[in-house]
Number of protein chains: 2
Amino acid sequence: IVQITDVTKHYRMGSEVVRALDGITLSFEQGSFWAIMGPSGSGKSTLLNILGCLDRPTSGKYILASKDVAQLDDDELSDIRLKHIGFIFQSFNLIPQLTVRQNVELPLFYLGNDEQTSAEKARKTLDLVELSDRLDHKPTELSGGQQQRVAIARSLANDPDFILADEPTGNLDTATGQQIMDLLGALNRQGKTILMVTHEKEIAEHAGHSLHMRDGKIESIRGGT
Amino acid sequence: IVQITDVTKHYRMGSEVVRALDGITLSFEQGSFWAIMGPSGSGKSTLLNILGCLDRPTSGKYILASKDVAQLDDDELSDIRLKHIGFIFQSFNLIPQLTVRQNVELPLFYLGNDEQTSAEKARKTLDLVELSDRLDHKPTELSGGQQQRVAIARSLANDPDFILADEPTGNLDTATGQQIMDLLGALNRQGKTILMVTHEKEIAEHAGHSLHMRDGKIESIRGGT
Ligand SMILES: Nc1ncnc2c1ncn2[C@@H]1O[C@H](COP(=O)(O)OP(=O)(O)OP(=O)(O)O)[C@@H](O)[C@H]1O
Ligand SMILES: Nc1ncnc2c1ncn2[C@@H]1O[C@H](COP(=O)(O)OP(=O)(O)OP(=O)(O)O)[C@@H](O)[C@H]1O
Ligand SMILES: [Mg+2]
Ligand SMILES: [Mg+2]
């Protein structure tokens, strides 16, 4: 389902080149659940952004559901993201002027759902992350972990097949983090493909496979059940 | 050194009242190292913001180094923060238009240091968090964990006596997180008082004391060596 070959991502900073990704070849099967680990700055978010069609590689190939992503224009990428991908950002990226419920409804409106359906689906996912009593708060009126949970709810509202989660429990206490992992586990058993960046071993253990990155490269891959 | 009595923090949302802090009485001795834990939304960041003089309680008393903080005006609070407090924010709060080095130099300029001294001190703390090769990047050109480390460096640049850290390792891999904890441990042994919010048990174990919050109240306190 997801295949990248010799992918690089370079940033030119004056006379220097930062090699955020330095030649990555990977493939993920449909319905698999991967933990992506590695030191700070090793390229995990960059990899996730490219897989989530939010960024394009400097070189290399990305095949997603048999489509060569480089051949798709920005509108087609945007369409794939809206319909098939749920992205949980490391820094949440909530819209500060919108309430919690509006932040989660937004992708549903873009998908063409009417107001009532959008409101219903948004309320359902917010209930799953236990934020039903914060629906009309703005992001600045929430705790860090509550903002993280809004980001999680928003990513799941469009029932995506492909979930990309960048440190989804980084701001959550252990108990709430476990609830989120139970939720992701349940979605994975429904057949969804999940790629999750995490630095916590107990969280990584919920995934069936794991890979470690270092300096923009894959250092090791661990299969499993 | 730090004493709060019956502190509350309420937010009025329409007809509802959110009790972020619901009657907190605590005292922290000079040179102690506390871990503050509790579920998402239990009031940890709110408590830290009040202790760091970034926010005022709705009611209750806050005595800091024998001063009644309620009696100080905003300029005096700002002065205390600049000279004595190092605050590491849960969401970093870096200035996006400034580079890494400029973000860390800023408080040093405000303290009256000249350009050369500020540049030197900033470089030193950035070296401690291993970001010497990112000095001229802007925050958007950094990974999440690198942004967190800039926030840490900035909080330590003015050599504060009182360090308030809100999830300082939330975006760091285990090895880098341990380095930061070694750094905080060393500062604590120099006599600095450290209050650290964390949800990770291994991180909390670096502190001599811990307290757990729930629903804006203190649920339990654990002393120790
Ligand atoms: N400006 C505000 N208006 C209304 N409610 C607020 C506001 N700021 C915070 N809150 C609420 O106060 C409560 C405590 O927030 P706080 O940020 O202190 O929690 P926390 O313990 O740090 O949580 P986390 O572990 O998720 O970071 C939360 O339930 C939050 O929704
Ligand atoms: N716009 C940019 N310009 C220059 N360098 C960048 C840019 N964005 C990211 N980088 C660099 O690319 C490298 C990889 O960043 P990335 O965000 O993928 O790391 P990460 O593994 O997610 O780290 P963390 O665990 O800290 O979140 C980092 O060293 C970072 O400084
Ligand atoms: Mg990252
Ligand atoms: Mg918080």
Side-chain angles (χ1 to χ4, degrees), chain A residues 11-14 16 18 20 36-46 48 89-92 94 99 129-131 133-149 166-167 169-180 197-204 212-214, chain B residues 11-14 16 18 20 36-46 48 89-92 94 99 129-131 133-149 166-167 169-180 197-204 212-214:
Chain A
Y11 295 104
R12 219 160 242 95
M13 310 282 296
E16 267 192 45
V18 175
I36 298 170
M37 308 182 80
S40 173
S42 54
K44 308 180 294 296
S45 296
T46 306
L48 230 63
F89 293 89
Q90 188 170 6
S91 55
F92 319 150
L94 301 180
T99 63
V129 297
E130 306 209 336
L131 282 179
D133 59 349
R134 290 285 180 274
L135 299 179
D136 298 314
H137 284 232
K138 297 241 170 58
T140 48
E141 296 166 335
L142 298 174
S143 76
Q146 289 166 344
Q147 292 174 23
Q148 186 154 42
R149 283 181 277 157
D166 202 342
E167 296 278 359
T169 63
N171 282 282
L172 299 175
D173 57 282
T174 307
T176 312
Q178 283 301 319
Q179 284 168 22
I180 295 304
V197 172
T198 181
H199 68 264
E200 293 182 66
K201 291 237 317 292
E202 302 76 25
I203 297 295
H212 277 73
M213 295 183 66
R214 183 177 292 281
Chain B
Y11 296 104
R12 218 160 242 95
M13 309 283 296
E16 268 193 44
V18 175
I36 298 170
M37 308 183 79
S40 173
S42 54
K44 307 179 294 297
S45 296
T46 306
L48 229 63
F89 293 89
Q90 188 169 8
S91 55
F92 318 150
L94 301 180
T99 64
V129 298
E130 306 209 337
L131 282 180
D133 59 348
R134 291 283 180 273
L135 298 179
D136 298 313
H137 284 230
K138 296 238 171 58
T140 47
E141 296 166 334
L142 298 175
S143 77
Q146 290 166 343
Q147 292 175 23
Q148 187 155 42
R149 283 182 275 156
D166 202 342
E167 295 279 358
T169 64
N171 281 281
L172 299 176
D173 58 281
T174 307
T176 312
Q178 283 300 319
Q179 285 170 20
I180 295 304
V197 173
T198 182
H199 68 264
E200 293 182 65
K201 288 230 331 290
E202 302 77 24
I203 298 294
H212 277 72
M213 296 184 65
R214 182 176 293 281

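So you know, we letter chains A, B, ... as the sequences are listed, proteins then strands, and number each from 1.
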Exercise for review: Against chain A, label B:Thr169 side chain, backbone, both or neither, depending on which of its atoms sit under 4.5 Å from a heavy atom there.
Suggested key: backbone

Point to revise | Donor-acceptor contact below 3.5 Å, side chain B:Ser45 vs main chain A:Gly144 | key: no

Exercise for review: Pick whichever of B:Glu167, B:Glu200, B:Arg149, B:Glu202 has the most heavy-atom pairs under 4.5 Å with chain A.
Suggested key: B:Glu200

Point to revise | Which of B:Gly170, B:Gly41, B:Gly177 touches chain A most, by non-hydrogen pairs under 4.5 Å | key: B:Gly170

Check your understanding: So B:Gln90 and A:Asn171, side chain to side chain contact (heavy atoms under 4.5 Å, CB included) or not? Walk me through it.
Key -> CA-CA 8 Å; B:Gln90 188 169 8; A:Asn171 282 282; 3.0 Å; yes

Point to revise | Working for side chain to side chain contact (heavy atoms under 4.5 Å, CB included), residues B:Thr174 and A:Met37 | key: CA-CA 10 Å; B:Thr174 307; A:Met37 308 182 80; 5.9 Å; no

Practice item. Check side-chain contact (heavy atoms from CB on, under 4.5 Å) between A:Ser143 and all other residues, then give those that pass, not counting sequence neighbours. Key: A:Gln146, B:Ser40

Review point. Given that the side chain runs from C-beta out, which part of B:Val18 has a heavy atom under 4.5 Å from chain A: side chain, backbone, both or neither?
Key: side chain

**Study point:** 4.5 Å side-chain heavy-atom contact, B:Met13 and A:Arg134
**Key:** no

Point to revise | Partner chain B: residue of A:Glu141, A:Gln147, A:Glu16, A:Lys201 with the largest heavy-atom pair count (under 4.5 Å) | key: A:Glu141

Check your understanding: Out of curiosity, A:Lys44 NZ to B:Asp173 CG, how far, rounded to the nearest 0.5 Å?
Key -> 6.0 Å

Practice item. Applying ring-ring contact (aromatic ring centres under 6.0 Å, His included), name anything that partners A:Phe92, two or more places apart in sequence or on another chain. Key: none

Practice item. Report yes or no: does B:His199 contribute a side-chain atom to a donor-acceptor pair with the main-chain N or O of A:Leu172 at less than 3.5 Å? Key: yes

